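Everything below concerns the one structure shown next.
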Amino acid sequence: KQEVTQIPAALSVPEGENLVLNCSFTDSAIYNLQWFRQDPGKGLTSLLLIQSSQREQTSGRLNASLDKSSGRSTLYIAASQPGDSATYLCAVGGSYIPTFGRGTSLIVHP
Amino acid sequence: SAVISQKPSRDICQRGTSLTIQCQVDSQVTMMFWYRQQPGQSLTLIATANQGSEATYESGFVIDKFPISRPNLTFSTLTVSNMSPEDSSIYLCSVAEGQLGSNTIYFGEGSWLTVV
């Protein structure tokens, strides 16, 4: 059974810092990995999708990497802003139904 | 990308009542799912909503408590029946778009239910 762990569980940083959020998974036989953002009391917004054959994906200030052999993915946020404050979840896809981590709660203060 | 509309976005419900959540997608999708997210927790899959047939429920979830309808490829409803305070959660509709292996998951804005 796939297990997904996200570290750290919470993070508070000053504006402008570069951040790394970590996601690890136990079964490397995955189809893809997707990073989401969730604002309090809201649904999930897809940020980046990495196929199993890919090593990384970039969108604006976000960069996600995938290392299947070690069972790890990182989400890199460059030059963080207060508007980045949210919970970030990774979802590992072994089928159409992904396995979610518990998320990293990020606060970026001015 | 699929755009998903959920309603209600938020509601306060009395214990013992039932509430139906609607999920509308702007395109036809085969795979549609319902999740629950309890306070401070990650997402738990309730069921896969199958068009034209009964939903497929995950362990711990039953049709009597969470009846689901899926009349067509763009619409589904989830009913939370005989609610108790433990049902206070965000309920999320989700779809998978694309071929298996390259599919992207999309979510609605969620329905935040508080049972009093």
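Chain letters run A, B, ... following the sequence lines, proteins first and then strands; every chain starts at 1. All values reported here derive from a predicted model rather than from experimental measurement.
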Is there a path of hydrophobic side-chain contacts, each under 4.5 Å between heavy atoms of I/L/V/M/F/W/Y residues, joining [Y] to [X]?
X       : Y       : answer
B/Phe66 : B/Tyr35 : no
B/Leu45 : A/Phe36 : yes
A/Leu48 : B/Val95 : no
A/Leu66 : A/Leu19 : yes
A/Ile50 : A/Tyr76 : no

Measuring from atom CD of A/Gln51 to atom OG1 of B/Thr104, what distance do you get when rounded to the nearest 0.5 angstrom?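 Interatomic distance, A/Gln51 CD to B/Thr104 OG1, rounded to 0.5 Å: 7.0 Å.
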Can you measure from CD1 (B/Ile105) to CG (A/Asn32) and round to the nearest 0.5 angstrom?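 Here the interatomic distance stands at 7.5 Å.
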Interface moiety of B/Gln6 toward chain A, non-hydrogen atoms closer than 4.5 Å: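 Neither part; nothing is under 4.5 Å.
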Identify which part of B/Thr48 has an atom lying under 4.5 Å from any heavy atom of chain A, answering side chain, backbone, both or neither.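 Looking at B/Thr48, just its side chain touches chain A.
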Using a cut-off of under 4.5 Å on heavy-atom pairs, state which of A/Ala91, A/Gly41, A/Gly93 scores highest against chain B.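 Most pairs with chain B among the choices: A/Gly41.
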To check you understand the geometry: which heavy-atom pair defines the closest contact between B/Leu92 and A/Lys42, and what is its length?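 So the two residues come closest at CD2-O, 4.5 Å.
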Go through the steps for A/Leu89 and B/Leu43 under the test side chain to side chain contact (heavy atoms under 4.5 Å, CB included), then give the verdict. CA-CA 10 Å; A/Leu89 295 100; B/Leu43 282 72; 4.0 Å; yes
Acceptor/donor pairs from residues 100-110 of chain A side chains to any protein atom, 3.5 angstrom cut, sequence neighbours excluded:
unit_1, atom_1, unit_2, atom_2, d
A/Arg102, NH2, B/Gln41, OE1, 3.3
A/Thr104, OG1, A/Pro8, O, 2.5
A/His109, NE2, A/Val13, O, 3.3

Need one label for A/Gln38: side chain, backbone, both or neither, based on atoms under 4.5 Å from any heavy atom in chain B.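 The side chain, not the backbone.
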